Protein chains: 2
Amino acid sequence: MNISDVARKTGLPPKTIRYYEEIGLIQPDRGANGYRLFSETHLHQLAFIGRARALGFSIEDCRTLLSLYGDKSRASADVKQVALEHLDEIDAKIAQLQQMRTTLQHLITSCAGDTRPDCPILNDLAQGQASS
Amino acid sequence: MNISDVARKTGLPPKTIRYYEEIGLIQPDRGANGYRLFSETHLHQLAFIGRARALGFSIEDCRTLLSLYGDKSRASADVKQVALEHLDEIDAKIAQLQQMRTTLQHLITSCAGDTRPDCPILNDLAQGQASS
DNA sequence: GATAAGGGTTCCAGTTGCTGGAAGGTCAAG
DNA sequence: CTTGACCTTCCAGCAACTGGAACCCTTATC
């Protein structure tokens, strides 16, 4: 399989697949003409990476997960730990965004949004406290 | 004021302040020795930027907001629009993270996390469907 | 006057995860 | 034989910094 076939089947752009090879996530073979040649195994690995990335795992996490995936004597606890740490990161990000959201929503609500220059949003940014 | 004073008062690292000058967000003066010299106005601007960044606004948004802040004939509607667009972005990110969180949590719950190799998390990543 | 500590300066490189573009080789069809 | 769609590599850039090297300036102390 050439790269565009794999791209179509995995939904990953060819550029991304080349990048994954460059950083050593996958090791496709090469044909006599220099083209990358992908096996079914490579296809599975790339689909695996694509799904892990869709769940927000970092590239380094993907590397770890791929390695565990290929290790038939792995302990599921190792996989679970990677997932749990990632869940914590997600929760932290959500909490941070919720905090921003709350403050921002409050400011937006208190801003008239008309042609006058008075603006509680700018006041808050300038003073470090809401004008309400 | 020298850069470390401003850093202490705003909580921004000196490196970040230099970076903000480099990209034209602020224009501190220079002393005869080449040191940056910050006025109270610069201090306010940097504190303003720091708070906007804490609310998740991009550097470009900060540029716009700073410009509106300095424009006494602004319309608050312009500020509100920037804030509303940013709120939408935050909401989109939260939704995406919640989606990831839900899937990940489900997988984690179904994984025994012991010494055996069977792992629904890897199964899902490999197959594109949960094993439950 | 020498020196050492603690400022400041610039410039270059690296981070994460790609993405765009240029320049060029390959291949299959008409 | 040429056209067009592939493929290749390499270089640059995105956001928003951060680290480090190499060097200058200031102030205090001996």
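Proteins come first, then strands; the chains are lettered A, B, ... in the order of their sequence lines, and each starts at number 1. Only this structure's heavy atoms are used, side chains among them; waters, hydrogens and symmetry mates stay out. Quick caveat: nothing in here was measured; it's all calculated off a predicted structure.
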* To do: Could you check B:R53 against B:I59 for side chain to side chain contact (heavy atoms under 4.5 Å, CB included), going step by step and ending with a plain yes or no?
  => CA-CA 7 Å; B:R53 295 286 301 132; B:I59 291 289; 3.8 Å; yes
* Determine which pairs satisfy side chain to side chain donor-acceptor pair (under 3.5 Å) with at least one residue from residues 86-96 of chain A, sequence neighbours left out, and list them in order. => A:D91-B:R101
* Selection residues 1-12 of chain B - residue pairs positive for side chain to side chain donor-acceptor pair (under 3.5 Å), sequence neighbours left out -> B:D5-B:R8
* Five-pair end axes of the helix from C:dG1-D:dC30 to C:dG30-D:dC1 and the angle they enclose, rounded to 10° -> 40°
* To do: Grab the CG-C1' distance between A:N2 and D:dA5 for me, whole Å please.
  => 12 Å
* Identify, with sequence neighbours excluded, every residue that meets ring pair (Phe, Tyr, Trp, His ring centres under 6.0 Å) alongside A:Y20. => none
* **A:T109 vs A:Q105 side-chain heavy atoms within contact, under 4.5 Å** => yes
* For atom CD1 of B:I3 and atom P of D:dT18, their distance in whole Å -> 13 Å
* Chi angles and distances behind the side chain to side chain contact (heavy atoms under 4.5 Å, CB included) call for B:L66, A:L125 -> CA-CA 10 Å; B:L66 257 188; A:L125 291 174; over 6 Å; no
* How long is the gap from CG on A:L87 to CD1 on B:I108, to the nearest 0.5 Å? -> 4.5 Å
* Asked: Do A:L104 and B:F57 touch side chain to side chain, with heavy atoms closer than 4.5 Å?
  -> yes
* Does D:dC7 have OP1 or OP2 sitting under 4.0 Å from an N or O in the side chain of A:S4? -> yes
* Close side-chain approach of B:F48 and A:L122, heavy atoms under 4.5 Å -> yes
* Got a sec? Which of residues 29-44 of chain A come in under 4.0 Å of DNA chain D, heavy atoms? -> A:R30, A:G34, A:Y35, A:R36
* **Residues within residues 83-104 of chain B bordering DNA chain D, heavy-atom distance below 4.0 Å** => none
* Taking the side chain as C-beta and beyond, is there a heavy-atom pair between A:D71 and A:D78 under 4.5 Å? -> no
* **Closest approach of A:D118 to B:S76 (non-hydrogen atoms, all atoms of both residues)** => O-CB, 3.2 Å
* To do: Would you mind reading off the distance between A:R8 atom CZ and D:dC6 atom C1', rounded to a whole angstrom?
  => 13 Å
* **Validation row: A:S39, A:D29 side chains within 4.5 angstrom (heavy atoms)** => no
* Asked: Where do B:H106 and B:D124 land on the side chain to side chain contact (heavy atoms under 4.5 Å, CB included) test, with the steps shown first?
  -> CA-CA 11 Å; B:H106 182 72; B:D124 180 90; over 6 Å; no
* Covered region of DNA chain C, 5' end to 3' end, by chain A [heavy atoms, under 4.0 Å] -> C:dG17 to C:dC27
* State the CZ-CD1 distance between A:R63 and A:I23, to the nearest 0.5 angstrom. => 5.5 Å
* Sorted by first residue and then second, give each salt bridge (Lys or Arg N to Asp or Glu O under 4.0 Å) pair with at least one member in residues 35-46 of chain A; sequence neighbours left out. => A:E21-A:R36
* **side chain to side chain contact (heavy atoms under 4.5 Å, CB included) between B:L107 and A:L55, worked out** => CA-CA 11 Å; B:L107 291 174; A:L55 284 180; 4.1 Å; yes
Between protein and nucleotides 10-12 of chain D, what N or O pairs are separated by less than 3.5 Å?
none

* Taking the side chain as every heavy atom from C-beta outward, state whether A:T16 and A:P13 have any pair of such atoms under 4.5 Å apart. => yes
* Asked: Side-chain contact, heavy-atom cut-off 4.5 Å: B:F38 with B:I26?
  -> yes
Output one line per pair: protein atom, nucleotide atom from nucleotides 2-4 of chain D, and distance, for all N/O pairs under 3.5 Å.
none

* Taking DNA chain D as the partner, which of residues 16-24 of chain B come within under 4.0 angstrom of it by heavy atom? -> B:T16, B:Y19, B:Y20
* Look at all strands and tell whether A:P13 reaches a base, only sugar-phosphate, or nothing, counting heavy atoms closer than 4.0 Å. => sugar-phosphate
* Asked: For B:K15, which residues count as a side chain to side chain contact (heavy atoms under 4.5 Å, CB included) partner, sequence neighbours excluded?
  -> B:R18
* Are any of the side-chain heavy atoms of A:L37 and A:P28 separated by less than 4.5 Å? -> no
